[in-house]
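Working notes for the structure below.
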2 protein chains.
Amino acid sequence: MYTETAMLGLDVPLRASERAYRQLRGEILNGFLAPGAALLEVEQAERIGISRTPLREAVARLIADGLVVGRRGRGFEVTDISVDSISELYELRQALEVQAIRLAAIRRDPTPFALLREGFVNAPQLLEQGDVGVHRYYGLIDELEDAIDVAVGNPFLVGALRAVRTHLARIRRLARRNPLRLHAAAAEHLLILDAIIAGDPSLAAHATHIHLHQSLQSVLAAIDEGSATVAN
Amino acid sequence: MYTETAMLGLDVPLRASERAYRQLRGEILNGFLAPGAALLEVEQAERIGISRTPLREAVARLIADGLVVGRRGRGFEVTDISVDSISELYELRQALEVQAIRLAAIRRDPTPFALLREGFVNAPQLLEQGDVGVHRYYGLIDELEDAIDVAVGNPFLVGALRAVRTHLARIRRLARRNPLRLHAAAAEHLLILDAIIAGDPSLAAHATHIHLHQSLQSVLAAIDEGSATVAN
DNA sequence: CAACCACTCTTTGTATACAGAGGCACTTCG
DNA sequence: CGAAGTGCCTCTGTATACAAAGAGTGGTTG
């Protein structure tokens with residue numbers, strides 16, 4: 001019930017291609033490798049400290065993830081994020097999350113969600129505690145997502161959802177959320193949680209629909225007003 | 001507006017890894033490589049006539065597609081299809097197609113759909129013409145899917161949809177549809193088409209929901225009754 | 001002065017050689 | 001006779017060497 005050796009501190013027995021994949025993926029997600037950045041094979045292979053063969057395997061996986069695109073003759077580059085692509089991603093996200101939440105509300109074991117509910121009830125206080133509080137709030141969201149994935153129990157659906165979340169992580173970076181939105185989002189999550197616990201798929205689906213609508217509006221607004229700042 | 005050299009008869013200037021990917025993918029989809037079949041690198045590389053390096057790249061893509069899984073220490077094997085996984089795939093399919101159809105109904109240029117409608121009106125006669133007719137009917141469905149993809153205009157959503165269709169192709173192989181179902185399906189497609197042309201996203205979504213429900217029931221029934229035959 | 005052609009350099013695509021890990025069978029001991 | 005340990009062998013994982021293709025640049029010619 002554990003993935004690789006993730007539970008332990010052991011990262012030594014990891015394949016080189018796996019290390020390269022995780023490192024590059026992380027660097028793309030946290031913005032170290034910015035959209036449009038060129039990836040030269042030899043350059044990246046030397047930087048990571050491996051040869052070109054496992055690096056190519058890592059890049060191939062990144063292409064499959066949609067984080068990297070191959071340029072015709074001139075290597076690869078990190079995919080960029082347009083405002084259009086954000087709206088498009090949310091169209092996919094909505095379809096997947098509404099379905100996932102609906103199924104979770106039907107199939108869930110209520111216990112983990114009841115536990116999570118406690119956390120979201122206390123979210124407003126958490127969000128008053130500065131960056132650490134916000135960080136712990138995001139931790140709650142991760143737990144909620146994991147609980148939903150377990151409740152859904154559908155590898156295809158969960159896999160598609162994880163792919164969407166990968167892209168969302170990049171978007172969050174360029175749209176710092178404001179405190180008001182975080183409080184509102186916490187309330188929305190609480191409603192979703194209640195619907196899941198109550199076993200009400202219809203309510204859960206509608207609440208998710210609303211939540212994602214608000215989320216997208218917030219992200220687009222944040223990018224719009226901060227575009228000059230983000231442009232750096 | 002053409003992909004690679006697909007339009008021409010030229011397959012010479014294709015990369016070895018690309019050739020290997022297409023060949024293996026095709027062989028998995030058409031059943032030549034059955035679920036559970038082991039893929040040995042040297043063996044497959046020799047068979048296709050390339051070295052191990054591009055073959056590994058091809059296998060990596062197949063793993064990303066979910067058509068192949070890596071066994072801990074002993075190579076790779078073709079993923080198998082359980083009845084459970086079919087229902088799970090349909091849960092994902094429903095979420096994606098309902099969303100896609102809804103958006104298509106909103107954004108469509110009516111012209112190509114009106115053209116397709118002619119084809120589906122004549123579908124019943126087509127289905128009386130034996131295998132060639134059935135084959136042409138499937139061609140119509142492909143055209144419909146392409147038209148929807150264009151109308152949706154969302155790379156994320158369309159990409160997810162294409163991934164689902166890949167797995168569906170394998171499922172169709174082990175569930176020969178009966179003529180009655182094909183006639184009913186054609187009628188359902190006609191309703192969806194009318195809703196798209198009318199620009200009625202709600203009707204289109206509901207019609208798609210029903211269509212997929214019936215489709216899944218038909219597939220599960222076909223597998224149930226034919227299990228002894230399929231087992232061969 | 002501009003346009004076209006050729007050459008070179010960079011970078012990817014492919015093959016092969018080598019090393020390490022895991023499994024299976026055989027043998028040996030209890 | 002059964003079980004456990006050891007050794008071999010196969011297969012993957014990685015590195016490196018080589019080939020080919022594309023792009024950019026410079027020169028030459030009209």
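Order of the sequence lines fixes the chain letters, A, B, ..., with proteins taken first and strands second; residue numbering starts at 1 for each chain.
Spacing between atom CD1 of Ile48(B) and atom P of dT14(C) amounts to 12 Å, rounded to whole angstrom units. Spacing between atom CD of Glu57(B) and atom C1' of dT12(C) amounts to 10 Å, rounded to whole angstrom units. The interatomic distance linking Leu40(A) (CG) with dC9(C) (C1') rounds to 14 Å, in whole Å. For the pair Arg15(A) CZ and dA15(D) C1', the interatomic distance rounds to 16 Å; values are reported in whole Å. As rounded to whole Å, 15 Å separates atom C1' of dA17(C) from atom CD of Glu41(B). A straight line from CD of Glu43(A) to C1' of dT10(C) spans 13 Å, rounded to a whole angstrom. A straight line from CD1 of Ile50(A) to C1' of dA15(D) spans 11 Å, rounded to a whole angstrom. Atom CD in Glu46(A) sits roughly 14 Å away from atom C1' in dT10(C) (whole-Å rounding).
For the side chain to side chain contact (heavy atoms under 4.5 Å, CB included) with Arg170(A), the lone residue among Asn30(A), Ile81(A), Leu89(A) that qualifies is Ile81(A).
Taking side-chain N and O atoms only, Arg52(B) has no distance below 4.0 Å to OP1 or OP2 of dT12(D).
Of the candidates dG13(C), dA15(C), dT14(D), the closest approach to any side-chain atom of Ser51(A) belongs to dT14(D).
Nucleic acid contact class of Leu55(A) (heavy atoms, under 4.0 Å, all strands): none.
Evaluation of atom-type donor-acceptor distances gives no pair under 3.5 Å for the side chain of Ser17(A) against the base of dT14(D).
For Glu143(A) and Arg136(A), the salt-bridge test fails: no basic side-chain N is under 4.0 Å from an acidic carboxylate O.
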Practice task
Would you sort out whether Phe120(A) and Ile141(A) count as a side-chain contact (heavy atoms from CB on, under 4.5 Å), showing the intermediate values?
Solution key: CA-CA 9 Å; Phe120(A) 276 94; Ile141(A) 291 183; 4.2 Å; yes

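Taking the nucleotide of DNA chain D with the nearest heavy atom to each of Pro54(A) and Leu39(B), the more 5' of the two is matched to Leu39(B).
Taking the six-membered ring where the residue is Trp, Phe156(A) and His167(B) present perpendicular rings, their angle passing 60° and hence far from 30°.
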